[in-house]
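Atoms considered below: every heavy atom in the structure, side chains included; atoms not considered: hydrogens, waters and symmetry mates. Computed from a prediction, not measured in an experiment: that's the story for all the values here.
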Amino acid sequence: MDPSRKRSSAPELPPLIEAIVPESKLYTELLEFEKKLDATIMRKRLDLQETLNKPVKTKRTLRIFISNLSHDQETPESDEDEPRLDSGPTPSWTLKVEGRLVDEANASAYKNKQTSRKFSSFFRSVMIELERDSNLYPNGNFVEWHKSANQADVDGFEIKRHGDENVKVKVILHVDNSPERFKLSPELADVLAIDVETRPGIMMALWQYIKFHQLQDPEDKRNINCDQKLATLFGQPKISFPALPELIGRFLSPPDPIVLEYTVRVDKPYHLSSHCYDLDVELDDPTFKSKISNLVSSTSLNAANNTLPKQIHAQDEQIMQYIQSMQNSKTKRDFLLRFANDPVDFLDRWVASQSRDLEVILGESHVNLEEQRRADFYNQQWVNEAVFHYMTAKNQKKLQELLGGHPQPVPPPPQQQGGAPPAGHPPQQPFPPGIHPGGRF
């Protein structure tokens, strides 16, 4: 039963009642259905509890913008202007790579600032390559950033360089996937029809391929009989399941980085690329766990505002009263039915039963008086032996009186260890009234 109910299972009907009332089988069927329903509810609740412990991902769009600022750039000189010989500030420019989640401001699930992720948190590393003349600018043409454990996330990256000419830039982004994703080799991708996937996803896809083509060995389920594609891929006709992860690892590699191209322009103070780049990313869904938690708490019968447990308890109590009433009615019916079938035997048995009950109540442990009234009581095997011992004792006493001496006690019959009478000898009992020496009644 569902442990959240915290109640005993519904009472079951006695088998004899089902024979008398055929409709009661419906109640038994309902009990069986209730057990199956409770088992299903419990299994679903466990699935929901397990889901709460797993990270749930939701897909969002990360929009990337690339722009640059130019500083202290000289305006083009005309033929009439005199050349300037004084040295002013050195021309420079600043490259910006930024990004944000699309519709983040309007998404109700991300209104809390704690749930918003910064741009750098989506990448393992960022590299920027500048295509400039190495003779004029020998240093600073390649910039790298790598994520570290204790490093704070930022909303974007900026680099500042000197120069008064347009520069071509390559921005190389390595996405930080959690869980880690891998790129499949062309051979494996051709078999599974996927290019990039997590390791569990790749194993699941391979298992689906094996099941669809019925490649599992019927005698030993741990082995796989490779078809032509798998045999060409792994180089052997048969492989085992435990060896699959190691075999698959040879065909996996890190996914290709994202390469964005941009041209830094210095002919105006601010230049924004005419293109923006959308990247699909996976985020932990902050609302999913709360929804599941609310669902579990709302379906629990232990909730404070849930009156269903009281109703179920009241129904169980009412069912128990009905069953008790049916048992009482059946007892009365059996009592009257036995009396109707054989009144004499029924009354004899009933009187004997009442006599035994009376003796138990009064604490008497003698022979039942009702049984003494019947002749069968004196036809038992122990009667003759009891009469013999009684007559022997009487004769001994009479002989002692004739000789003028004192009567000697007659030794009792031999008994087994522990005080119990020997086999075939009943316990000593007082003779009922009406038995006299000489065996006469």
Are [X] and [Y] side-chain neighbours, meaning at least one heavy-atom pair lies under 4.5 Å?
| X | Y | answer |
| --- | --- | --- |
| Leu62 | Val102 | no |
| Met127 | Phe142 | yes |
| Arg338 | Asn341 | no |
| Ile194 | Leu188 | no |
| Val126 | Val97 | no |
| Leu336 | Arg333 | no |
| Tyr270 | Ser70 | no |
| Leu347 | Phe339 | yes |

Where the side chain of [X] meets the backbone of [Y], is there a donor-acceptor pair that is under 3.5 Å apart?
| X | Y | answer |
| --- | --- | --- |
| Ser240 | Asn223 | no |
| Thr40 | Lys36 | yes |
| Arg161 | Gly140 | yes |
| Asn177 | Pro179 | no |
| Asn328 | Gln324 | yes |
| Gln216 | Lys221 | yes |

Identify the two heavy atoms, one from [X] and one from [Y], that lie closest to each other, and give their separation to 0.1 Å.
| X | Y | answer |
| --- | --- | --- |
| Leu272 | Ser67 | CD1-CB, 3.6 Å |
| Pro242 | Pro245 | O-CD, 3.5 Å |
| Val175 | Phe123 | CA-CD2, 4.1 Å |
| Ile202 | Leu184 | CD1-CD1, 3.5 Å |
| Gln151 | Ser148 | CB-OG, 3.0 Å |
| Pro255 | Val196 | CB-CG1, 4.4 Å |

Judged by modelled atom types alone, do Tyr262 and Asn68 share a side-chain donor-acceptor pair under 3.5 Å?
->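 Per modelled atom types, Tyr262 and Asn68 side chains form a pair under 3.5 Å.
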
Residue pair Thr94 / His71, side-chain donor-acceptor N/O under 3.5 Å |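 Note: Thr94 and His71 side chains meet the donor-acceptor criterion.
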
What's the verdict on side chain to side chain contact (heavy atoms under 4.5 Å, CB included) for Leu279 and Val281, showing C-alpha distance, side-chain angles and the deciding distance?
-> CA-CA 6 Å; Leu279 174 64; Val281 294; 4.1 Å; yes

Quick one: do Ile248 and Leu206 satisfy side chain to side chain contact (heavy atoms under 4.5 Å, CB included)? Show the steps, please.
-> CA-CA 10 Å; Ile248 290 296; Leu206 182 59; 3.7 Å; yes

Kindly check if the number of other-residue, nucleotide or ligand heavy atoms within 6.0 Å of [atom1] ([X]) is above 12?
| X | atom1 | value |
| --- | --- | --- |
| His275 | NE2 | no |
| Phe241 | CZ | yes |
| Phe33 | CZ | no |
| Trp207 | CH2 | yes |
| Gln228 | CD | no |
| Gln380 | CD | yes |
| Arg349 | CZ | no |
| Lys147 | NZ | yes |

Checking Arg132 against Tyr137: charged group under 6.0 Å from the ring centre and within 45 degrees of the axis?
->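 The answer is yes; both the distance and angle limits are met.
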
Cation-pi geometry met for Arg199 and Phe182 (6.0 Å, 45°) =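 Yes; both conditions hold, so Arg199 lies above the ring face of Phe182.
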
May I ask you to say whether [X] pairs ionically with [Y], meaning some side-chain N is under 4.0 Å from a carboxylate O?
| X | Y | value |
| --- | --- | --- |
| Lys238 | Asp217 | yes |
| Lys59 | Glu282 | no |
| Arg117 | Asp153 | no |
| Asp334 | Lys330 | yes |
| Asp256 | Lys183 | yes |
| Asp267 | Arg265 | yes |

Out of curiosity, [X] [atom1] to [Y] [atom2], how far, rounded to the nearest 0.5 Å?
| X | Y | atom1 | atom2 | value |
| --- | --- | --- | --- | --- |
| Asp176 | Arg181 | CG | CZ | 12.5 Å |
| Thr263 | Glu261 | OG1 | CD | 8.0 Å |
| Asp38 | Lys35 | CG | NZ | 10.0 Å |
| Lys170 | Ile172 | NZ | CD1 | 7.0 Å |
| Leu252 | Glu197 | CG | CD | 11.0 Å |
| Arg60 | Leu283 | CZ | CG | 6.5 Å |

Begin with the C-alpha distance, continue with both residues' side-chain angles, and end with the deciding distance and a verdict on side chain to side chain contact (heavy atoms under 4.5 Å, CB included) for Leu101 and Phe122.
-> CA-CA 11 Å; Leu101 294 172; Phe122 294 99; 3.9 Å; yes

side-chain contact (heavy atoms from CB on, under 4.5 Å), paired with Trp93, selected from Asn166, Val167, Leu69 =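 Among Asn166, Val167, Leu69, the one that satisfies the side-chain contact (heavy atoms from CB on, under 4.5 Å) with Trp93 is Val167.
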
Residues Phe119, Phe65; criterion side chain to side chain contact (heavy atoms under 4.5 Å, CB included); working and verdict = CA-CA 11 Å; Phe119 176 70; Phe65 303 91; over 6 Å; no

